[in-house]
Each structure stands twice: as C-alpha cells, then as structure tokens.
Undergrad: 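The structure that follows is given in the form of structure tokens.
Just so it is clear, the structure is predicted and the values come from calculations on it, not from any experiment.
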Amino acid sequence: MRNNLGLFLTKRCQLGPRREALVEVERGRRFSYAELEARSNRTANALRGLGVGPGDRVAILMMNSAEFVESYFAIAKLGAIMVPLNWRLTPDELEFILGDAGALLLLFGSEFDDCAAELQRRALPVKLWVRAKSREAGPGPGPSQDYDELTAAASDSLPEIGAEGDDDLFIMYTSGTTGLPKGVVHSHDTVIAASTTILMTADMRHNDRYLALLPLFHVGALTPLINCVHRGCATVILRAFDPSLIFPTIERERITTGLAVPAMLRFMLAAGNHEAHDHSMLRWLMSGAAPVPVPLIEQFAALGIEIHQVYGLTESCGPACLISPEEAIAKAGSTGPAFFHTEVRVVNDAGADVAEGEIGEVIVRAPHVMKGYWNRPDDTAETIRNGWLHTGDMASLDAEGFVYIQDRKKDMIISGGENVYPAEIENLLSGHPDVADVAAIGLPSEKWGESPAVIVVPRPGAKLDGDALLDYCQGKLARFKQPKQVEFVEEIPRNPTGKILKRLLRERFPGPAPE
C-alpha cells in the first residue's frame with residue numbers, strides 16, 4: 001500500500017466496512033467506515049472538479065464535524081495540503097496565515113459566515129470558497145459554493161492518489177517567538193510515523209471508543225483521529241468542548257479512552273455530574289499541553305480513571321513522552337520516558353546530556369518530527385540541528401529516564417491548552433502610542449492553568465488606564481491570547497543584551513490571575 005494518509009481510511013474500510021468510524025454527539029450523526037470512505041471520496045472528487053490538485057493548499061475553518069474529518073482524508077488523497085485554521089483567531093490573524101500559506105481554497109462552516117465575508121473583502125490568494133452548513137442557514141457570503149451540493153454531485157469512487165511518503169500533508173500554524181505564526185509542515189510519512197509510535201506505546205485497542213475533546217485544528221486531536229483509523233477504533237467528537245456533556249457522553253457512547261488538557265479535566269469535575277453517569281468503561285485519559293497537577297491526577301484516580309501525562313509538540317506531530325499506566329500514580333508529575341519509536345534527551349547549552357536531576361533543554365529525534373517550517377529555512381535550521389528537534393522546553397530526568405518538565409525556555413504561556421506567545425502580545429501593545437515598554441507573562445489560573453498578564457511602562461506624561469489597554473486588545477488578538485491583568489511599573493528588568501528578565505517579573509507579580 002502506498003504511504004498516503006488518505007489510503008489509511010480506504011484500507012480500514014476494506015477491513016471493516018461496517019465498523020463504526022465516527023460519531024457526532026450534538027447532531028446525532030453516525031458513520032461506518034464504508035460511509036466515511038464514500039463521503040471522503042465524494043469530497044475529493046468535488047474538490048478536484050474545482051481544480052484542486054497536488055500541492056495546492058486547502059484551508060479549513062470549521063468546528064469539529066464529519067465534514068472536517070472527511071475533508072482531511074480527501075485532501076490527503078488528492079495530494080493537496082491541508083491548512084487547519086484555529087477558529088478562535090481574528091480575521092487579521094487568519095489573513096496572515098492564509099496569505100503565508102498561499103491557500104487556494106477556504107472550506108468554512110456556516111457559523112463562520114461573518115468571518116468569511118470579512119476575509120473575502122481582503123487581498124488574499126484564496127480563489128475558491130466552499131461553505132458547509134452546520135444548521136439551517138441562508139445563502140453563504142460572497143462567491144461561496146455549497147459543500148453539500150458539490151459533494152452530492154460527485155462520484156464516490158476512489159480518486160487518483162496524488163501524493164505519498166515525504167510529500168507535504170498539512171501545514172499547522174503555531175505562534176512564533178517573533179509574534180508571527182509559523183507553519184509546521186508534516187508529510188504523509190511523519191503523520192503515519194506519529195500514529196505508529198503512539199499505537200506501539202499507548203494502550204489503544206481494536207474496539208476502543210475514543211472521545212476527541214480538543215478542536216481538530218490541534219495536533220492533539222488530529223493525530224489521535226489517525227490513531228483511531230489506523231487501529232480500527234471509533235472516534236466520538238463534540239463540536240466544541242462543553243463540560244456538561246462529557247460524562248453523559250462517556251456513559252451513552254461507552255467511551256474507553258480520550259485526551260483532555262488539564263483545564264478540561266478541571267472543568268469536567270467542576271460540572272458536578274460525574275457521579276450521576278456510568279464511566280466504568282473509561283480506562284484512561286491522556287493529558288498534555290501543560291503539566292498536570294498531582295492532586296488532579298489523584299482525583300481522577302479516585303474515580304477509577306487513569307490520567308496518562310503526555311508531552312509533545314506540533315513539531316513532533318504530537319508524541320514525545322508518555323507516562324505508562326503502571327507509573328501514572330507512582331511517578332505523578334512526570335510525563336514519562338520517550339514513546340516507542342522516539343528518542344528524547346535533556347541537554348545543556350553545549351549539547352551534552354545533563355546529569356540526573358539537572359535541568360536542561362528537551363530535544364527529540366524521531367521519524368515523526370516535522371519536515372520544517374513553511375517558507376522559513378532559517379527557523380527550521382535553528383530548530384532542527386543534527387537531526388534533533390530543539391523544543392525550547394526545560395526539563396529534568398530521574399534515574400530511570402523519566403522526564404519532568406520544569407519550565408518553558410521560550411516563556412510560552414499555555415492558557416486552557418492553547419499556546420500563547422508573549423511576543424505576540426508585546427508586539428501589539430508596543431504599537432500603542434502611550435506604551436513605552438511592555439512585557440507579557442503568564443499568571444497561574446485555577447480555571448485556565450495560566451492566563452496572560454502584561455507589565456507596562458507608560459510613556460512620560462501619558463495617563464494610561466488598565467481597562468483601556470485591555471479594550472485595545474479586543475478584536476486584535478484571539479480571546480484566549482488577550483491579557484487578563486495590567487500592571488504598571490517604572491522600568492522592566494532586562495539583562496545586558498536587552499532580554500527581558502521574566503523570572504524577576506514572575507517573582508514580583510506571582511498572581512493568581514483574576515478569574
């Protein structure tokens with residue numbers, strides 16, 4: 001079989017056409033592997049009829065849905081390149097990504113009509129607009145074509161396969177330390193390698209039913225989707241995270257596994273309905289994107305649910321380290337050793353392995369590491385050196401090689417599982433006429449894990465108001481990136497080279513963040 005991600009769905013359909021493949025909770029839609037394969041083929045043939053071919057970038061702005069899933073496999077079969085878009089971003093932020101990727105087509109859900117209409121008024125490379133209705137809705141904005149009409153008129157036969165192996169599969173944008181997003185490029189090979197190393201490490205079984213809680217524009221949702229097809233499991237999706245629906249869904253759908261970031265785990269317990277619903281089938285939940293507090297692990301253990309802390313990055317297509325079921329409690333706080341087909345080291349600035357207990361940078365080598373950053377060879381060369389992915393994350397190792405994440409070298413803030421880079425906030429507020437200097441840090445948040453805060457030096461004579469600065473960020477940054485607190489100082493501490501000493505700021509402003 002050719003190493004094309006789309007053919008994974010085709011092969012699974014051949015092996016088990018009547019097995020349940022996908023469940024949409026809110027809309028009550030269920031699809032067998034045969035049905036999902038047919039829908040994917042129709043989508044592929046419809047896109048090909050619009051002129052989409054190998055190498056073309058197809059952006060997706062949709063909530064979790066069957067249309068998102070089938071389009072991913074369809075794009076893969078055609079040899080086009082998917083660009084999943086974070087629907088929390090503003091039109092300004094999306095404009096940059098669409099332009100940087102050179103997207104030919106934007107496939108969007110009708111809940112994003114206003115955003116799509118705004119984007120259509122801008123100078124973008126997008127030539128084709130396809131709209132999927134998630135509910136009863138009127139006509140789409142501008143020149144949009146109807147997804148259902150296009151796919152209904154298309155053949156469900158397997159299209160000509162347009163890519164394989166090292167060919168690009170998707171570009172997933174993450175915020176960079178410069179404040180501009182960088183497109184992480186993964187190929188068919190790297191995604192399949194990521195799925196393989198997860199299945200060889202995690203306890204995933206043929207009849208598992210996986211609950212996908214993260215949005216599909218995240219690698220933490222997209223890679224598990226492939227795991228399920230690879231293993232023959234069913235994927236159960238919510239359009240968006242709703243804590244009140246989690247335990248009822250676990251009971252009704254007989255969920256056995258899933259993944260949730262720590263903030264989601266806290267919201268699940270806070271919903272207060274876990275005792276009212278049978279969750280005895282649920283063996284474990286992976287949790288990553290931020291360290292999982294030990295008390296939270298223990299709370300779920302008391303419910304008979306193992307929390308397996310996972311460490312990974314978009315650049316590694318997800319996997320790097322995973323704690324085993326046997327060690328989840330005994331070594332609570334650790335993210336475990338490396339996945340099966342993955343190497344992880346912790347090194348000092350000279351590139352030498354650190355001693356037990358010492359802190360250094362995590363580096364990763366594996367066949368599932370990204371090809372590089374889209375159109376950014378210098379950033380790629382800086383991040384991948386001698387075959388090793390330099391993560392910028394700081395950690396220590398114990399005597400058995402278990403990794404304990406300590407800090408983030410790049411000062412990234414993780415709020416509710418979303419990455420927030422301080423430089424992006426700093427760049428925006430630096431443009432305010434009354435701001436002389438600014439630094440962004442993360443404050444501990446009971447609700448979100450961390451929330452952004454800004455420390456500001458006003459320009460001489462300016463009368464700055466904290467609420468006015470927060471209002472300034474409205475519409476210019478996605479909501480999860482917007483600072484929740486403003487502090488004013490006379491000077492921001494910097495080292496001799498001008499780098500902000502954020503450690504000192506965190507000590508001075510320890511939080512917690514306002515909720």
Side-chain angles (χ1 to χ4, degrees), residues 23-26 63-64 86 88 198 202-204 208-225 227-228 233-275 277 279-314 318-323 325 328-329 332-336 405 414-419 445-450 480:
V23 178
E24 277 190 342
V25 172
E26 292 92 338
M63 309 291 282
N64 290 357
N86 184 337
R88 297 186 177 102
I198 292 171
D203 177 26
M204 290 196 72
D208 270 339
R209 298 179 64 78
Y210 185 92
L211 181 59
L213 296 176
L214 272 66
L216 285 165
F217 60 71
H218 259 294
V219 74
L222 206 56
T223 298
L225 171 66
N227 300 340
C228 290
C233 310
T235 301
V236 179
I237 58 175
L238 296 168
R239 291 186 66 77
F241 179 71
D242 182 343
S244 67
L245 293 179
I246 306 306
F247 278 100
T249 299
I250 289 170
E251 177 181 40
R252 184 175 58 253
E253 295 296 334
R254 311 302 290 162
I255 298 298
T256 59
T257 63
L259 186 149
V261 301
M264 290 177 171
L265 296 178
R266 284 190 285 267
F267 288 136
M268 287 168 60
L269 294 181
N273 60 0
H274 52 277
E275 294 182 352
H277 296 280
H279 55 264
S280 59
M281 292 286 289
L282 181 59
R283 300 194 310 278
W284 53 259
L285 292 170
M286 284 188 190
S287 187
V292 186
V294 173
L296 193 58
I297 295 173
E298 293 172 341
Q299 285 179 283
F300 274 85
L303 299 177
I305 302 168
E306 295 176 352
I307 300 299
H308 299 175
Q309 188 162 189
V310 62
Y311 167 67
L313 308 93
T314 304
C321 298
L322 179 67
I323 194 79
I329 298 298
S334 171
T335 192
I405 301 297
I414 301 179
S415 183
E418 293 284 357
N419 294 348
S445 165
E446 181 69 20
K447 187 175 184 180
W448 302 109
E450 287 183 300
F480 68 89

Undergrad: Could you give the side-chain donor-acceptor pairs of residues 302-309 under 3.5 Å, partners two or more places apart or in another chain?
TA:
from: Glu306; atom 1: OE1; to: His308; atom 2: NE2; distance (Å): 2.8
from: Gln309; atom 1: OE1; to: Val292; atom 2: N; distance (Å): 3.0
from: Gln309; atom 1: NE2; to: Ser334; atom 2: O; distance (Å): 3.3

Undergrad: Just one of Thr257, Thr235, Ile198 clears the side-chain contact (heavy atoms from CB on, under 4.5 Å) bar with Asn227, so which one?
TA: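 By the side-chain contact (heavy atoms from CB on, under 4.5 Å) criterion, Asn227 pairs with just one of Thr257, Thr235, Ile198: Ile198.
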Undergrad: Only counting residues at least two apart or in another chain, list the ones meeting side-chain hydrogen bond (donor to acceptor under 3.5 Å, both in side chains) with Glu253.
TA: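 Counting only residues at least two positions away or on another chain, Glu253 forms a side-chain hydrogen bond (donor to acceptor under 3.5 Å, both in side chains) with Arg30, Arg209.
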Undergrad: Considering residues at least two apart in sequence or located in another chain, which fulfil the side-chain hydrogen bond (donor to acceptor under 3.5 Å, both in side chains) criterion with Thr249?
TA: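 For Thr249, no residue satisfies side-chain hydrogen bond (donor to acceptor under 3.5 Å, both in side chains) once neighbours in sequence are set aside.
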Undergrad: Roughly how far, to the nearest 0.5 Å, is the CG atom of Leu216 from the CG atom of Leu225?
TA: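 CG of Leu216 is found 6.5 Å from CG of Leu225.
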Undergrad: Using the test ring pair (Phe, Tyr, Trp, His ring centres under 6.0 Å), find all partners of Phe247 that sit at least two apart in sequence or belong to another chain.
TA: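 In terms of ring pair (Phe, Tyr, Trp, His ring centres under 6.0 Å), with neighbours along the sequence ignored, Phe247 is linked to His274, His279.
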Undergrad: Rounded at 0.5 Å granularity, tell me how far OG in Ser280 sits from CD1 in Ile250.
TA: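 Between Ser280 OG and Ile250 CD1, I get 11.0 Å after rounding to 0.5 Å.
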Undergrad: Would you be so kind as to tabulate the donor-acceptor pairs closer than 3.5 Å made by side chains of residues 260-273, with sequence neighbours excluded?
TA:
from: Arg266; atom 1: NE; to: Glu446; atom 2: O; distance (Å): 3.1
from: Asn273; atom 1: ND2; to: Ser244; atom 2: O; distance (Å): 3.1

Undergrad: Excluding sequence neighbours, so at least two apart, what forms side-chain contact (heavy atoms from CB on, under 4.5 Å) with Pro215?
TA: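 By the side-chain contact (heavy atoms from CB on, under 4.5 Å) rule, Pro215 matches Asn64, Trp87, Arg88, Phe217, His218.
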Undergrad: Salt bridge (charged side-chain N to carboxylate O under 4.0 Å, His left out): which pairs involve residues 281-291, sequence neighbours left out?
TA: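 The answer is Asp203-Arg283, Asp208-Arg283.
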Undergrad: For Arg252, enumerate each residue passing the side-chain hydrogen bond (donor to acceptor under 3.5 Å, both in side chains) test, keeping only those at least two apart in sequence or located in another chain.
TA: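 Per chain and number, Arg252 pairs via side-chain hydrogen bond (donor to acceptor under 3.5 Å, both in side chains) with no residue.
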Undergrad: Look up atom CD1 in Ile329 and atom CD in Glu298, then write down how far apart they are to the nearest 0.5 Å.
TA: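 Going from the CD1 atom of Ile329 to the CD atom of Glu298 covers 6.5 Å.
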Undergrad: With a 4.5 Å heavy-atom cut-off, do Leu259 and Tyr210 have their side chains touching?
TA: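 Heavy-atom side-chain distance check passes, below 4.5 Å.
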Undergrad: Listed by chain and number, what are the side-chain contact (heavy atoms from CB on, under 4.5 Å) partners of Glu26, not counting sequence neighbours?
TA: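 side-chain contact (heavy atoms from CB on, under 4.5 Å) check on Glu26 returns Leu238, Arg239, Leu245.
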